[in-house]
Structure formats: structure tokens, C-alpha cells
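All of these numbers come straight from a predicted model, not from anything done at the bench.
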Amino acid sequence: VVLDGIFWIARTGVPLSDLHEHFGKWASIYRQFRRWKLSGFWELLLEAFKESGRGNPSLQIIDSTIIRAHQCSAGAKRGTPRQGLGRSKGSFTAKIHLRINALGVPIAVALRGGEASGPKGYMPVMDADGPATKVLLADEGYDADFIRADMGRRAGAAMIPTKRNRLIQLPVDLAIYALRNMVERCFNKLKYAWRLATRYDVTADSSLGFIHIISIRLWIRQFVNAS
């Protein structure tokens with residue numbers, strides 16, 4: 001019942017205090033959610049799924065997306081920048097940086113302020129635990145020397161289109177690069193959960209917790225559909 005209540009909050013995006021009485025007291029559900037998050041329970045579940053080896057884990061894709069932050073997400077004691085919130089184009093926003101595998105399910109997630117560019121979230125998602133990356137797909141926004149050098153150190157290949165201002169234009173295998181749309185599909189599936197489409201949580205921990213929960217549900221579907 002506790003898990004059902006947490007999933008219901010993530011899917012509907014309603015305030016915790018409006019949790020349906022069928023799931024029990026909202027304060028108890030929230031306390032358990034925070035305990036699991038702070039203990040690393042959600043990350044542990046994701047780690048177990050990642051180690052299953054399903055799909056082609058060596059082919060991975062990274063990207064980022066902006067989510068609007070509701071006014072109730074402001075007011076953190078140590079300031080909003082430390083809680084993965086910022087301003088972009090005049091709006092109060094957060095940015096989800098995501099790394100997925102060839103199945104289109106999350107491997108690593110990072111949360112930054114909305115003004116942070118995609119390359120700034122590269123190292124957090126690439127340094128997270130997960131299968132080794134042999135081929136990395138990303139759009140031209142990730143065409144940076146340090147990213148290509150880092151992939152070389154990881155003994156992998158960066159399948160990233162070069163920007164027009166580069167003197168040397170590097171080729172890209174278009175057949176493989178076409179798979180990059182899977183990360184866009186993953187973002188769309190994540191944002192079916194209204195708690196992710198708009199950020200309501202004050203702390204980055206809670207916001208990441210809900211992202212992990214929906215990511216786990218996407219992983220579960222892979223096993224259910226295969227059975």
C-alpha cells in the first residue's frame with residue numbers, strides 16, 4: 001500500500017496532503033518515502049536492474065530536458081541552486097540529465113538548475129555506476145573536446161555530430177545515430193508522471209526520488225513485456 005501511494009503521488013502530481021485515504025495517512029507515506037530515498041533504496045533497485053544485462057548495455061545515449069518548477073518548490077534553506085533549481089529564459093526551472101541504454105530505460109540521472117547546459121551534466125551521469133559505455137550517442141550540443149577525450153579514456157566511441165564551427169568535421173554513422181530518438185521517447189514516458197513534468201519538491205533528494213521511482217517502473221515494464 002505504501003508503494004502504491006508513492007506511485008499514485010508520482011503519477012498524479014497532487015500535493016502529498018491530498019493523498020487518497022485509501023493509501024493511509026499521507027504523513028506516514030511521506031516519511032517512508034524519505035527513509036527509502038535517504039537510505040539509497042531506489043538507487044539500489046536501479047542498480048539491480050542495470051546489472052541484469054538486458055538489451056545492449058554498451059550502446060548508451062545521453063541528453064537533458066528542462067522541467068518547469070512550481071512556486072512551491074522554492075524556499076530551500078540553503079538556497080535553490082543547491083537543490084537543482086535555477087532560471088532559464090525567465091522561468092524557474094530544473095534540468096534532468098539522463099543516460100539510457102539501448103532499451104530506452106534510464107541508467108543514470110542527475111539534477112541541475114535549468115540554466116545548466118547539457119555538457120555540465122555529462123560527468124555526473126557518466127561517472128555513475130552502470131555498464132561500460134562502448135558507443136555514446138548525443139546531439140551536437142555535447143560536441144565538446146573534453147567529452148570526446150573522456151570517451152577515449154573510457155575506450156569508447158562518441159557518436160556525436162560536430163558543430164559547424166569545427167575546422168575538422170567528424171563523420172557519424174547515421175544508421176546508429178538514428179537510435180538517439182530513444183532518449184526523447186524516454187523523457188516523454190518519464191513526463192507522463194505529472195510529478196516529473198512539473199517539479200513540486202523543494203529538495204533535490206525528493207525530486208530525484210520520484211525520478212528514480214518512475215525509472216524503476218519503466219524497467220519493470222521491460223521484464224513484464226518479455227515474460
Side-chain angles (χ1 to χ4, degrees), residues 1-20 22-50 63-78 80-86 91-100 104-114 116 121 124-125 128-130 183-222:
V1 176
V2 173
L3 274 175
D4 287 340
I6 294 172
F7 283 138
W8 190 80
I9 288 291
R11 178 65 181 87
T12 62
V14 301
L16 283 160
S17 57
D18 291 341
L19 181 69
H20 196 282
H22 168 76
F23 301 107
K25 296 181 178 179
W26 72 268
S28 300
I29 300 293
Y30 176 70
R31 279 196 300 270
Q32 188 59 58
F33 165 75
R34 287 291 294 173
R35 288 193 194 105
W36 282 338
K37 171 55 189 169
L38 296 177
S39 68
F41 176 68
W42 307 121
E43 291 89 337
L44 187 62
L45 282 179
L46 272 178
E47 187 66 26
F49 284 125
K50 288 186 289 187
D63 205 351
S64 60
T65 187
I66 287 180
I67 55 173
R68 296 228 172 206
H70 192 271
Q71 62 186 18
C72 67
S73 64
K77 291 182 179 180
R78 296 184 180 180
T80 53
R82 295 191 179 187
Q83 300 301 332
L85 289 167
S91 301
F92 198 42
T93 57
K95 181 170 282 189
I96 300 175
H97 299 268
L98 189 65
R99 172 177 154 216
I100 69 169
V105 287
I107 295 176
V109 181
L111 196 61
R112 294 290 185 271
V125 294
D129 293 335
V183 73
E184 305 293 348
R185 296 188 210 172
C186 185
F187 279 130
N188 288 337
K189 292 174 183 176
L190 290 173
K191 289 183 177 181
Y192 280 149
W194 290 13
R195 196 83 182 189
L196 272 63
T198 301
R199 175 169 166 176
Y200 298 99
D201 300 288
V202 174
T203 65
D205 279 341
S206 292
S207 185
L208 272 174
F210 282 111
I211 297 173
H212 288 148
I213 288 168
I214 302 304
S215 298
I216 289 168
R217 295 205 74 173
L218 295 182
W219 269 101
I220 291 173
R221 291 178 186 174
Q222 295 296 324

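- In this structure Trp8 satisfies the ring-ring contact (aromatic ring centres under 6.0 Å, His included) test together with Phe23, sequence neighbours excluded.
- For the atom pair OG1 (Thr93) and CZ (Arg199), the distance works out to 10.0 Å, reported to the nearest 0.5 Å.
- Between Ser207 atom OG and Ile96 atom CD1 the span is 6.5 Å, to the nearest 0.5 Å.
- One finds the CD1 atom of Ile67 at 11.5 Å from the NZ atom of Lys95 (value rounded to the nearest 0.5 Å).
- Interatomic distance, Leu98 CG to Leu111 CG, rounded to the nearest 0.5 Å: 11.5 Å.
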- Message: Assess the residue pair Gln32 and Ile6 against the criterion (side-chain contact (heavy atoms from CB on, under 4.5 Å)); give the C-alpha distance rounded to whole Å, side-chain angles, the decisive distance to 0.1 Å, and a yes or no.
- Response: CA-CA 9 Å; Gln32 188 59 58; Ile6 294 172; 5.5 Å; no
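- A ring pair (Phe, Tyr, Trp, His ring centres under 6.0 Å) with Trp36 is found for one member of Phe210, Tyr30, Phe41 and no other, namely Phe41.
- The CD1 atom of Ile220 lies 4.5 Å from the CZ atom of Phe49; values are rounded to the nearest 0.5 Å.
- Judged by distance alone, the side chain of Lys50 and the main-chain N or O of Ile107 form a donor-acceptor pair under 3.5 Å.
- Between Tyr200 and Ser206, the closest side-chain pair of non-hydrogen atoms is not below 4.5 Å.
- Side-chain contact between Thr203 and Arg34: present, with at least one pair of heavy atoms (C-beta onward) separated by less than 4.5 Å.
- Looking only at side-chain heavy atoms (C-beta outward), Arg221 and Leu218 come within less than 4.5 Å of each other.
- Counting only heavy atoms from C-beta outward, the side chains of His212 and Leu45 never approach each other to under 4.5 Å.
- Proximity of Val14 to Trp26: side-chain heavy atoms (C-beta onward) are nowhere separated by under 4.5 Å.
- Closest non-hydrogen pair, Ile214 versus Ala10, comes out as CD1-CB, 3.7 Å.
- Rounding to the nearest 0.5 Å gives a distance of 7.5 Å between CG of Leu196 and OG of Ser215.
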- Item | Residue pair Ile100, Val105: steps toward the side-chain contact (heavy atoms from CB on, under 4.5 Å) verdict | CA-CA 5 Å; Ile100 69 169; Val105 287; over 6 Å; no
- Task: Output, in order, the C-alpha distance, side-chain angles, deciding distance and verdict of side-chain contact (heavy atoms from CB on, under 4.5 Å) for Ile213 and Arg195.
- Result: CA-CA 11 Å; Ile213 288 168; Arg195 196 83 182 189; over 6 Å; no
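- The closest side-chain heavy-atom distance from Arg112 to Pro124 is below 4.5 Å.
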